[in-house]
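The figures here come from the full heavy-atom set of this structure, side chains too, leaving out hydrogens, waters and symmetry mates. Given the structure is predicted, the values throughout are model-derived calculations rather than measurements. Along the sequence shown, residues are numbered consecutively beginning with 1.
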Amino acid sequence: MSLDMHDLKILDVLQSHGRISVSDLARQINLSSTPCAQRLRKLELRGFISGYRAIVEPEAIGLDLLVFIQVTLKETDENTLRSFNSAISRVPNVLECHMVGGDFDYLLKARVAGMSEYRRLLGGEIGSLPMVQGTHSYFVMEEVKDGTPLPLKPVRTSQKQ
């Protein structure tokens with residue numbers, strides 16, 4: 001499916017205003033409501049939109065400390081990677097987990113209430129995993145840019161056969 005300018009405009013608006021009504025969305029992108037709703041449904045069905053959610057302000061719920069954690073594993077065989085992926089997926093304070101290439105194996109993004117909760121997270125839930133060789137943490141002093149919408153430009157996607 002190729003994306004035209006109307007599709008890109010729909011995606012752009014929804015990245016910032018996920019609760020917008022179809023009629024308001026249609027007005028913003030200069031389409032009538034029915035074609036706009038049809039395009040929106042196609043974008044959802046074809047996987048361009050994976051869902052809608054509320055963005056909760058972390059500080060408002062007491063999760064004041066943002067930390068990035070590098071994780072190095074003892075081994076990087078397939079069973080170890082699968083085991084780590086499974087274990088880290090169950091840790092609620094870990095918001096993101098990325099396998100990376102380079103001097104370490106994973107980069108985690110975590111949110112905690114403070115240093116004592118961070119210590120519990122690192123020592124009790126991450127560092128105690130049997131496959132973890134070591135960790136290194138970076139504490140965020142200021143979030144300069146976060147959650148920026150994806151930059152959209154005309155793209156052609158190949159259909160999976």
Side-chain angles (χ1 to χ4, degrees), residues 1-4 7-19 39-161:
M1 173 181 178
S2 63
L3 299 176
D4 65 16
D7 296 327
L8 292 172
K9 286 178 185 176
I10 289 170
L11 293 173
D12 190 45
V13 170
L14 288 176
Q15 285 187 98
S16 300
H17 306 286
R19 292 183 58 165
R39 284 172 175 271
L40 180 58
R41 185 72 180 133
K42 271 187 195 175
L43 290 168
E44 291 169 344
L45 289 172
R46 298 216 172 140
F48 287 96
I49 298 171
S50 61
Y52 302 88
R53 63 181 173 200
I55 300 171
V56 177
E57 186 61 40
E59 288 83 4
I61 60 169
L63 297 176
D64 296 327
L65 184 59
L66 176 60
V67 60
F68 289 91
I69 306 165
Q70 293 178 348
V71 177
T72 303
L73 301 180
K74 293 175 183 173
E75 302 290 333
T76 55
D77 60 274
E78 197 58 41
N79 285 338
T80 302
L81 296 173
R82 246 192 316 274
S83 294
F84 180 81
N85 293 350
S86 176
I88 209 67
S89 295
R90 293 188 300 271
V91 180
N93 290 84
V94 173
L95 307 177
E96 297 178 17
C97 174
H98 305 275
M99 182 189 295
V100 297
D103 293 336
F104 56 96
D105 301 307
Y106 286 89
L107 182 63
L108 312 179
K109 178 180 179 181
R111 275 262 182 206
V112 292
M115 195 55 72
S116 61
E117 189 173 330
Y118 161 74
R119 183 163 162 58
R120 180 198 53 76
L121 173 69
L122 188 67
E125 295 188 68
I126 297 171
S128 67
L129 293 171
M131 71 286 291
V132 172
Q133 179 177 339
T135 63
H136 192 89
S137 299
Y138 300 91
F139 302 96
V140 175
M141 295 186 294
E142 178 183 0
E143 289 181 76
V144 177
K145 185 177 180 182
D146 181 45
T148 301
L150 294 173
L152 298 173
K153 60 182 180 181
V155 294
R156 287 196 66 88
T157 58
S158 61
Q159 291 217 330
K160 294 179 183 172
Q161 311 249 349

To the nearest 0.5 angstrom, please state how far the [atom1] atom of [X] sits from the [atom2] atom of [Y].
X	Y	atom1	atom2	answer
Arg39	Leu11	CZ	CG	11.0 Å
Met115	Leu122	CE	CG	10.5 Å
Leu108	Ile126	CG	CD1	5.0 Å
Glu44	Ile10	CD	CD1	10.0 Å
Asp7	Arg46	CG	CZ	9.5 Å
Met131	Asp77	CE	CG	10.0 Å

Of all heavy-atom pairs between [X] and [Y], which one has the smallest distance, and what is that distance?
X	Y	answer
Gln133	Leu73	OE1-O, 3.4 Å
Ser16	Pro149	OG-CG, 3.9 Å
Cys97	Phe84	SG-CE2, 4.1 Å
Ala113	Leu63	N-CD2, 3.9 Å
Tyr118	Leu65	CB-CD2, 4.1 Å
Pro92	Glu125	CD-OE1, 4.5 Å

One pair to check against side-chain contact (heavy atoms from CB on, under 4.5 Å): Leu81 and Tyr106. What are the steps and the verdict? CA-CA 10 Å; Leu81 296 173; Tyr106 286 89; 3.6 Å; yes
Before giving the answer on salt bridge (Lys or Arg N to Asp or Glu O under 4.0 Å), spell out for Arg111 and Glu57 the whole-Å C-alpha distance, their side-chain angles and the decisive distance to 0.1 Å. CA-CA 11 Å; Arg111 275 262 182 206; Glu57 186 61 40; over 6 Å; no
Between [X] and [Y], is there a donor-acceptor pair closer than 3.5 Å when you use the side chain of the first and the backbone of the second?
X	Y	result
Thr80	Thr76	no
Arg120	Ser116	no
Gln70	Ser137	no

Consider only side-chain N and O atoms of Asn93 and Glu117, and report whether a donor and an acceptor are under 3.5 Å apart. yes
For the residue pair Arg82 and Asn79, confirm or rule out a side-chain donor-acceptor distance under 3.5 Å. yes
Can you find a pair of side-chain heavy atoms, one from [X] and one from [Y], that are under 4.5 Å apart?
X	Y	answer
Tyr138	Ile69	no
Asp12	Leu150	no
Asp146	Leu66	no
Val67	Val140	no

More than 12 non-hydrogen atoms from neighbouring residues, nucleotides or ligands closer than 6.0 Å to CG on Asp4, yes or no? yes
More than 12 foreign heavy atoms under 6.0 Å from CD1 of Ile61: is that the case here? yes
Aromatic ring centroids of Phe68 and Phe139 under 6.0 Å? no
I'd like to know whether Leu152 forms a side-chain contact (heavy atoms from CB on, under 4.5 Å) with Leu3, so could you lay out the CA-CA distance, the side-chain angles of the two residues, the decisive distance to 0.1 Å, and finally the verdict. CA-CA 10 Å; Leu152 298 173; Leu3 299 176; over 6 Å; no
